[in-house]
Amino acid sequence: MTAAADPIKLMKQEVGKAAAALVESGSIVGLGTGSTTAYAIQFLGDRLKSGEIKDIVGVPTSFQAEVLSKQYGIPLTTLDAIDRIDIAIDGADEVDPQKNLIKGGGAAHTREKVVDYLAKRFIVVIDAGKLVDRLGSVFPVPVEVIPMAIAPVTRAIEKLGGKPELRMGVKKAGPVITDQGNMVIDVKFDAIGDPVNLEKTLNNIPGVLENGIFVNCADLVLIGEVKDGQPIVRQL
Ligand SMILES: O=C[C@H](O)[C@H](O)[C@H](O)COP(=O)(O)O
């Protein structure tokens, strides 16, 4: 007897495949972080290996993306060696109807923001469970903070009405440390009425490096769903 396929995994695979299919030969590709983007990187590597596309080069947004890209044979570069990113593929933790995002569930939002905003075309890959009417409904906003400023930043966030929580490691004692050597405060807001302003306000607190609100940057959101037992992809 075979085990039933995990529907979330199926949706992520399907949406990852759909995003990888949008990459053309000769492209410089921003490679996002997380479990959904991991499938896009895998399928992109498959297309390269089979000769379906050629001459692509990737810009990874995290150590995870770098390791996966190497595993799947995608050549990599850095931002100082290129003058454009043609397309970026990245996941999200929440997406609202205006295609605004909360990202950073994997603590990679700072590098992701640099790469995703630079891309001429930014494709977001999610499963249907990430769609919300209003940002902040479920997921807290990740805020990357330099370690010496954790206490004052926490107090400043409380004054804004947020409920801050220092992100702790799993299978590691103590806080999560980002690829930049910083910490992450996850901030729960009751509901985010004005994501444009909240993004700026959080980034204006001294000691904050970057937060996970991404506004006005996603060009296309690919949503994985399961319909009649089959995974499908629709667009927002
Ligand atoms: O820091 C991580 C990223 O922003 C991810 O893209 C985001 O958390 C979504 O990840 P996943 O596809 O694993 O849900």
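Counting starts at 1 for both ligands and their atoms, following the listed order. The shown structure was predicted, so the numbers you read here are calculated from the model rather than taken from an experiment. Along the sequence shown, the residues carry numbers beginning at 1.
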Over 12 foreign heavy atoms within 6.0 Å of NZ, K159: no
Worked verdict on D186 versus K188 for salt bridge (charged side-chain N to carboxylate O under 4.0 Å, His left out): CA-CA 7 Å; D186 288 309; K188 188 76 190 82; over 6 Å; no
E94/K130 ion pair, N-O < 4.0 Å: no
Sub-4.0 Å atoms of ligand 1 with respect to non-hydrogen atoms of K103: 3 (C), 4 (O), 5 (C), 6 (O)
Ring-face cation contact, F189 with K163, 6.0 Å cut, 45° max: no
Quiz item: cation-pi between K12 and Y39, 6.0 Å / 45°: no
Audit row: R121, D86, salt bridge (charged side-chain N to carboxylate O under 4.0 Å, His left out) steps and yes/no: CA-CA 6 Å; R121 197 163 182 227; D86 296 300; over 6 Å; no
Selection from K130, E112, H109 by shortest heavy-atom distance to atom 4 (O) of ligand 1: E112
Close-contact set for ligand 1 against D90 heavy atoms, below 4.0 Å: 6 (O)
Atoms of ligand 1, numbered as shown, that sit under 4.0 Å from any heavy atom of G105: 1 (O), 2 (C), 8 (O)
Per-atom contacts of ligand 1 with G34, taking only distances under 4.0 Å to non-hydrogen atoms: 10 (O), 13 (O)
Non-hydrogen atom of T37 closer than 4.0 Å to ligand 1: no
Trace of the side chain to side chain donor-acceptor pair (under 3.5 Å) decision for E210 with N203: CA-CA 6 Å; E210 191 51 84; N203 280 356; 2.7 Å; yes
D93 N/O under 3.5 Å from ligand 1 N/O: yes
Proximal ligand 1 atoms for A108, defined as those under 4.0 Å from one of its heavy atoms: 1 (O)
Heavy-atom closest pair, residues S25 and K54: OG-N, 3.0 Å
Test item, A92 contacting ligand 1 (heavy atom, 4.0 angstrom): yes
CD (Q180) with more than 12 external heavy atoms under 6.0 Å: yes
Residue, atom name and distance, where the atom is the protein heavy atom closest to atom 6 (O) of ligand 1: T33 O, 2.7 Å
Those atoms of ligand 1 less than 4.0 Å from some heavy atom in G106: 1 (O), 2 (C), 8 (O)
Which residue and heavy atom of the protein sit nearest atom 12 (O) of ligand 1, plus the separation: T36 OG1, 2.6 Å
Per-residue contact class, A107 against ligand 1 - non-hydrogen pairs under 4.0 Å: backbone
Per-atom contacts, ligand 1 versus S35 - under 4.0 Å to a heavy atom: 11 (P), 12 (O), 13 (O), 14 (O)
